Amino acid sequence: MPRARMVAGATDPMTEYKPQQLDKKWQQAWTSSHAFEVDHDASRPKFYCLEMFAYPSGYAHVGHVRNYIIGDIMARTKRMRGYNVLHPFGWDAFGLPAENAAIKAGTHPEPSTLDNIAHMKGQLQRLGISYAWEREIATCLPEYYKFNQWIFLKMFERGLAYRKRSTVNWCPSCQTVLANEQVVDGACWRCGTTVVARDLEQWFFRITAYADQLLKGLDTLTDWPEKVVVMQRNWIGRSEGARVKFPIAAAKGGAAGDRIEIFTTRIDTIYGATFVLLSPEHAVVDRFAAESSDPQAFRDRVAKFRTLDREARLTGAIEKEGFDTGRTAINPFTGKAVPIWIANFVLAEYGTGAIMAVPAHDQRDLEFARKYNLPIRIAVRSGGATTAVETMTEASTNYGTLVDSGEYTGQEAPAVLTRMIADAEKRSIGTGEVQYRLKDWGVSRQRYWGTPIPIVYCDKDGVVGVPYEQLPVELPKVTTFTGRGDSPLTQVPEFVNTKCPKCGGPARRETDTMDTFVDSSWYFLRFCDPNNGSLPFDPAAAAYWMPVDFYSGGVEHAILHLLYSRFFTRVLRDVGLITFDEPFKRLLTQGMVLKNGAVMSKSKGNVVDPDDMLAKYGADALRLYVMFVAPPEKEVEWSDAGLEGSFRFLVRVWRIVDHWADLLGGRGGNGGTGAMIAGDLTDAERALRRKTHDTIRRVTSDIEDRMHLNTAVSSLMELVNELYGFTEGTSRGVPTRSAGAERLRPERARGPALRSPVEPPQTIAVLREAIDALVLMLSPFAPHTAEELWGMLGHADNLSKARWPAFDAEVAKAEEVVVPVQINGKVRARLTVRAGASDEELREVALADAAVRQHTAGKTIRKVVVAKGPLVSVVVQ
RNA sequence: GCGGAAGUGGCGGAACGGCAGACGCGCUAGCCUCAGGAGCUAGUUGGAGCAAUCCAGUGGGGGUUCAAAUCCCCCCUUCCGCACCA
């Protein structure tokens, strides 16, 4: 709404900056005009901007909010740049805290979850984050988790969801199973309790079937932080090697055994393999126990390794221990018998659960061999090393030339590896193999507040998927929670007892629920079509909006959430819903906000509530400060003084716009570019135009290309400073806090009106260009303030519909440049030269300069370099 | 142990081989003011000098280059990730 501002003599009350009122006013305006809701529009380029959705804990502190503001700057900028921007938000609403709270309070988790969502949504709305709220989703609602079940069934049909009994990580505190990814240093990722082993029948997703694809796909993620890519690569942990069979020698008086298969990446060292090590869980161990002279003693020792050491193994430091099974195997390359031992450091889950030990070339094996006095044999020599077996304290792990290795002696790694694997295959004693560190994803959770697994167990038909038309399998409204180890759903007979979908006979439902990481593995696809009742999303909608162009969130999700999402994307591709591989084109991992050096948390009592800041300074000052304080991916320490500074900047912007609004307002439009101000400009006017366009260039690239939001704000501050300087040189003088007549310096005041109603037209045009650009570029950061100022400047349309200012390289170009002259690397002079001077001219002017001559007097000029910049570098001796 | 990132004024941070310290916080001075913890203007890496200016300077040490905070090598420190993966 343009304001009528007529200058009437000496009194000219300044408009006051009242951010809280502006926040309210513009938030209402955006909501009622559906400013940020979007539709599929194939005629326009799309931009999908997403921040990781939130767990509804009940409150968002400034650390959380930083991420949403980052995304909002991007979304608002892209909108102004002409993109059809999808910027949705939702809630990762299932999970343990809500259930635990419900157990404590004897209530149901749903109402509190919905309350929390309502409160946090209010917080985000008060910050003016431009979300398409009509697309809001909450994963705890049947409309959403129905499709978790749908996807589960698709995976079940494809053999990608399967059951197996396995030793799992059990958190005694959370009373649930954890995936490997959720165990951190042997402790629960959520509560920190030490994890223990348990044997359970579990559902798994076969993510390992996609291991190679997930690894290869990393190469295409060029707009991801290198750090995250590396973490994922290490997590997948591909290693190429060979599986080799070591035949087991018969026990005394017993039958000839079969064989132990080992996995090795260093088959070139196999002539140095002097014993075989089994993990305590290896399948052959029980048989060896049975065939031993004292089976009970044998089993006791194994049991000790299996239980006691497992804990130690998970937490890290463990003394290498083992014991002799009394059995031997034949090294198929040497043909010699080697002892078989059981060792606590051999992992059952990796490779074949058995290794060939090569003490000369593996540090762990060497330590083990020394401890138990087992033979050591050198099979590889590298770099002319001559270490003797007797004195060896460090295994030589380098590749080199093979020694004492039969027909391979003298050959060199890595070529010899290929040859040996090929030979092993010919002789049927081994085969080339690729192993991954990545494990299948255990998704069963013995909890209530999650998605029921849509499976029915029938005595006759076995494991049966719930038919699609019967989805969703709804969570029953259980209100009594015990927190016991079993799934709470086992205590709800009307849920458990059902009919078999195949035969109609009595059957039992699966009572475990899904890991909540399932919910977050595809929610970004649901946003494309959030109300679809028959499919997770319409393929056409996903084809238009996906992939996510800009995704931001915490580094803590660098592995889990992002890897699972990449996996789900490929599964849904194979199901036929989408055609792309990677869900997130560009990723930003935002840094945390610390208070008193620690991450904010309720328990530490160091939470900064955005609402408190809003009440004091308004949403825009908070938004601006959080963006200005540091680059988005950096951790920052919260500072009240910094926030105050950002508020001051907004007041300064407000004041300068208000100062000129009477002359610029009322005329409206976007006039004041190019032709209109082509007339005679003063030096000051040309300088302001140059600054304006240079700022447009810098801010645009800082936001869109570099994501340096802090320097984008700096540039805007510089432009404001320039505007103050320019204004000081006009008849009006600079604005002061209360722009009353008596505040103006007498010598600045010209004519009777203290705000002169007249300025030369080109001055007004230049100012309009600068101030319009300033307000437009400020708007992603401080949208409420910018909208209000935009109206004050006489623009009829809301700024949320306005276009980003255009950069004019011609204008930004300076007619004169200052060229530094270095002599022997030190700047000794600065020349003011017309822009575009040739290298030859620069060289001549530089050498003619008095200061330069002074520094070169009596010396020989050996070299003169004219560098782009420009800059002249003179070398003298 | 392996892998990654980072070390720049009193502080947060700028500078994608080319003028180190943009911008902000803090501080200092002047103006304006009854007053100001407001605002405006100016100054603010350290040292020397009235000054122009000079010297030193981006964790430490070497190197490449006309030119290094930036690239390379070694070392130190901090943070993060993985951690017996055969």
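Each chain gets a letter, A, B and so on, in the order its sequence line appears, and its residues count up from 1. Note that this is a predicted model, so its numbers are computed, not measured.
Side-chain atoms of His361(A) come within 3.5 Å of backbone N or O of Ser396(A) as a donor-acceptor pair. Not one N or O on the side chain of Glu633(A) forms a donor-acceptor pair closer than 3.5 Å with the backbone of Thr589(A).
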task = If a protein heavy atom is under 4.0 Å from the base, mark B; if only from the sugar-phosphate, S; if neither, -; do that for nucleotides 7-16 of chain B going 5' to 3'.
result = -----BSSSB
Let me check something: any side-chain donor-acceptor pairs from residues 711-719 of chain A under 3.5 Å, sequence neighbours excluded? List them with distances.
unit_1	atom_1	unit_2	atom_2	d
Thr711(A)	OG1	Asp702(A)	OD2	2.8
Thr711(A)	OG1	His708(A)	O	3.0
Ser714(A)	OG	Asn710(A)	O	3.1
Ser715(A)	OG	Arg698(A)	NE	3.4
Ser715(A)	OG	Arg698(A)	NH2	3.3
Ser715(A)	OG	Thr711(A)	O	3.1
Glu718(A)	OE1	Lys691(A)	NZ	2.8
Glu718(A)	OE2	Arg698(A)	NH2	3.1

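Between Arg655(A) and Asp658(A), none of the side-chain N atoms (NZ, or NE/NH1/NH2) sits under 4.0 Å from a carboxylate O, so this pair counts as no salt bridge.
For Val845(A), the side-chain contact (heavy atoms from CB on, under 4.5 Å) partners at least two apart in sequence or on another chain are Leu831(A).
Close to A22(B), at under 4.0 Å from its OP1 or OP2, lies no side-chain N or O of Arg698(A). In this structure, Asn721(A) reaches the G24(B) phosphate: one of its side-chain N or O atoms is under 4.0 Å from OP1 or OP2. The side chain of Arg437(A) places an N or O atom within less than 4.0 Å of a non-bridging phosphate oxygen (OP1 or OP2) of A83(B). Taking side-chain N and O atoms only, Ser239(A) has a distance below 4.0 Å to OP1 or OP2 of A86(B). Regarding contacts with the backbone of C66(B), a side-chain N or O of Lys863(A) is found under 4.0 angstrom from either OP1 or OP2. Look at Arg233(A) and you won't find any side-chain N or O under 4.0 angstrom from OP1 or OP2 of G3(B).
Note on Val875(A): only backbone sugar-phosphate atoms sit closer than 4.0 angstrom, heavy atoms only; bases stay farther off. At a threshold of 4.0 angstrom between heavy atoms, the contacts of Ala641(A) are confined to the sugar-phosphate backbone, with no base atom among them.
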Are there any protein N/O atoms within less than 3.5 Å of an N/O atom in nucleotides 52-55 of chain B, and if so, which ones and at what distance?
unit_1	atom_1	unit_2	atom_2	d
C54(B)	OP1	Arg828(A)	NH1	3.3
C55(B)	OP1	Arg828(A)	NH2	3.2
C55(B)	OP2	Arg828(A)	NH1	3.1

Polar pairs (N or O, both sides) under 3.5 Å between protein and nucleotides 44-50 of chain B?
none

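Looking at RNA chain B, the stems built from 3 or more consecutive Watson-Crick or G-U wobble pairs, each pair with its key distances under 3.5 Å, are B:1-7 with B:76-82, B:10-12 with B:23-25, B:26-31 with B:39-44, B:45-48 with B:53-56, B:59-63 with B:71-75.
For Tyr625(A) and Trp638(A), the ring centers sit closer than 6.0 Å to each other.
Remark on RNA chain B: of its neighbouring residues Ala354(A) and Asn824(A), the 5'-side contact belongs to Asn824(A), judged by nearest-heavy-atom nucleotide.
In this structure, G26(B) shows a glycosidic angle more than 90 degrees from zero, which is the anti conformation.
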